[in-house]
Amino acid sequence: GGALISGTLFLNSGLFVSCLKRSIEIKGAKILNDLVKKIDTDKKKIKLKSEKIMNYDNLIISAGPWTKELASGIGVDIDMYPAKGEIIKLDPDGFNLDYHIHGSCSIVKKSDGLIWVAATYEEDKFDLDITNKSKNELLNNATSMIPCIKDLQVAEQTACVRPATKDGMPIVKEAIKSSGVFVATGGGGWGVMQSFFIGETVKNMVTIRE
């Protein structure tokens, strides 16, 4: 089956995260901008880069591509890996694209007025460097579907790293039995769309344990 949607609809991920942040603050959550140096599961304490020590009852490790490294600090091996993806954004120069086209790559006009061509995929690559190789790969793939793409100018190129798994499914589980430490990661490029389900699943795990 398939769906033909007239026009394109995309989630503004930055605004989405900002709204989530505001929502949990209203519910009483406190957000700290810091880095975790050590997790002590025996004493249920976290040491931060600022040298602050925090106690916890339940701890959820959900740090995107950094989750594996954090979990390894408590002796847990999470079956995920960082996956690098690059995107190019093209100046449409009058070319009107009303559809989201997906095949060897994804081509869509976003709210910034640019045509986004996404994305490359490199397993176990943890850097944000942009490359001509990826740009050419994306242009070639896009041109095979929309030939006039080859005449458009690249306005911007970006790179990001996502938490990925071999089967594409997120990992949501208690890291160590009866430890109160949970892991929520994976999802790759679909992570934002899976976030509510992942959050609900973790919440239920914590509630059931309590």
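Computed over heavy atoms, backbone and side chain alike; hydrogens, waters and symmetry mates excluded. A quick note: this is a predicted structure, and the numbers were derived from the prediction, not measured.
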In sequence, state the C-alpha distance, the side-chain angles, and the governing distance for I78 and I61, and then conclude on side chain to side chain contact (heavy atoms under 4.5 Å, CB included). CA-CA 11 Å; I78 303 299; I61 302 175; over 6 Å; no
For K52 and L32, run side chain to side chain contact (heavy atoms under 4.5 Å, CB included): C-alpha distance rounded to whole Å, both residues' side-chain angles, the deciding distance at 0.1 Å, then the answer. CA-CA 11 Å; K52 184 175 182 178; L32 299 176; 4.3 Å; yes
Would you name the heavy atoms of I176 and I74 that are closest together and state the gap between them? CD1-O, 3.9 Å
Got a sec, which residues hit ring pair (Phe, Tyr, Trp, His ring centres under 6.0 Å) with W116, two or more places apart in sequence or on another chain? none
Qualifying residues under salt bridge (charged side-chain N to carboxylate O under 4.0 Å, His left out), relative to K37, sequence neighbours excluded: E51
For a quick test of reading the model, state the closest non-hydrogen atom pair linking M145 to I107 and the distance between them. CE-CD1, 3.8 Å
Would F95 and D93 satisfy side chain to side chain contact (heavy atoms under 4.5 Å, CB included), going step by step from the backbone distance to the final call? CA-CA 6 Å; F95 173 61; D93 191 28; over 6 Å; no
Rounded to the nearest 0.5 Å, what separation is found between the OG atom of S104 and the CG atom of N141? 3.5 Å
Without swapping roles, check the side chain of T143 against the backbone of N140 for a donor-acceptor pair under 3.5 Å. no
Identify the two heavy atoms, one from T67 and one from M80, that lie closest to each other, and give their separation to 0.1 Å. CB-SD, 3.9 Å
Those residues that, when tested against D127, pass salt bridge (charged side-chain N to carboxylate O under 4.0 Å, His left out) (two or more places apart): K84, K125
Only counting residues at least two apart or in another chain, list the ones meeting side-chain hydrogen bond (donor to acceptor under 3.5 Å, both in side chains) with D77. K68
Is there side-chain contact between V206 and F182, with at least one heavy-atom pair below 4.5 Å? yes
Starting from Y121 and following side-chain heavy-atom contacts under 4.5 Å between hydrophobic residues (I, L, V, M, F, W, Y), which residues can be reached? Y81
If you define the side chain from C-beta out and look only at heavy atoms, does anything of L15 sit under 4.5 Å from C19? yes
Scan for side-chain hydrogen bond (donor to acceptor under 3.5 Å, both in side chains) pairs involving residues 15-30, sequence neighbours excluded, and state none if there are none. K21-E25
Please examine the side chains of I87 and V117, heavy atoms only from C-beta on, and report whether any two atoms are closer than 4.5 Å. no
Is the side chain of E174 donor-acceptor paired with the backbone N or O of G180 at a distance under 3.5 Å, no angle test? yes
Kindly indicate whether the side chain of I115, heavy atoms from C-beta on, has any atom under 4.5 Å from the side chain of D91. no
Any idea which heavy atoms bring H102 and S106 closest together, and the distance? ND1-CB, 3.5 Å
By salt bridge (charged side-chain N to carboxylate O under 4.0 Å, His left out), D124 pairs with (sequence neighbours left out) none
Which other residues end up in the same hydrophobic cluster as I31, if Ile, Leu, Val, Met, Phe, Trp and Tyr are linked when side-chain heavy atoms come under 4.5 Å apart? I24
Taking the side chain as C-beta and beyond, is there a heavy-atom pair between N55 and K43 under 4.5 Å? no
Testing the basics here: between P92 and L114, what is the closest heavy-atom pair and its distance to 0.1 Å? CD-CA, 4.2 Å
If you define the side chain from C-beta out and look only at heavy atoms, does anything of V202 sit under 4.5 Å from N204? no
Output the distance between atom NZ (K38) and atom CD1 (I53), rounded to the nearest 0.5 Å. 9.0 Å
For the residue pair S62 and A184, what are the closest heavy atoms and their distance? OG-O, 3.0 Å
Look up atom CG in N96 and atom CG in D98, then write down how far apart they are to the nearest 0.5 Å. 4.5 Å
What ring-ring contact (aromatic ring centres under 6.0 Å, His included) pairs are there with at least one residue in residues 12-53, not counting sequence neighbours? F16-F196
Does the side chain of L139 reach to within under 4.5 Å of the side chain of L90, using non-hydrogen atoms? yes
Any side-chain heavy-atom pair of I101 and V108 under 4.5 Å: no
Following the transitive rule for hydrophobic clusters with a side-chain heavy-atom cut-off under 4.5 Å over Ile, Leu, Val, Met, Phe, Trp and Tyr, establish whether V183 and V36 coincide in one cluster. yes
In residues 149-166, what donor-acceptor pairs under 3.5 Å come from side-chain atoms, sequence neighbours left out?
{"from": "Q157", "atom 1": "NE2", "to": "E86", "atom 2": "OE1", "distance (Å)": "2.8"}
{"from": "Q157", "atom 1": "NE2", "to": "T131", "atom 2": "O", "distance (Å)": "2.9"}
{"from": "T165", "atom 1": "OG1", "to": "D167", "atom 2": "OD1", "distance (Å)": "3.3"}
{"from": "T165", "atom 1": "OG1", "to": "G168", "atom 2": "N", "distance (Å)": "3.2"}
{"from": "T165", "atom 1": "OG1", "to": "M169", "atom 2": "N", "distance (Å)": "3.1"}
{"from": "T165", "atom 1": "OG1", "to": "M169", "atom 2": "O", "distance (Å)": "2.8"}
{"from": "K166", "atom 1": "NZ", "to": "E123", "atom 2": "OE1", "distance (Å)": "2.9"}

Sorted by first residue and then second, give each ring-ring contact (aromatic ring centres under 6.0 Å, His included) pair with at least one member in residues 30-59; sequence neighbours left out. none
Does anything in residues 191-203 pair up under side-chain hydrogen bond (donor to acceptor under 3.5 Å, both in side chains), and if so which pairs, sequence neighbours excluded? E200-K203
What verdict does the side chain to side chain contact (heavy atoms under 4.5 Å, CB included) test give for L48 and I46, after you've listed the backbone C-alpha separation in whole Å, the side-chain angles of each residue and the deciding distance to 0.1 Å? CA-CA 6 Å; L48 303 177; I46 304 171; 3.8 Å; yes
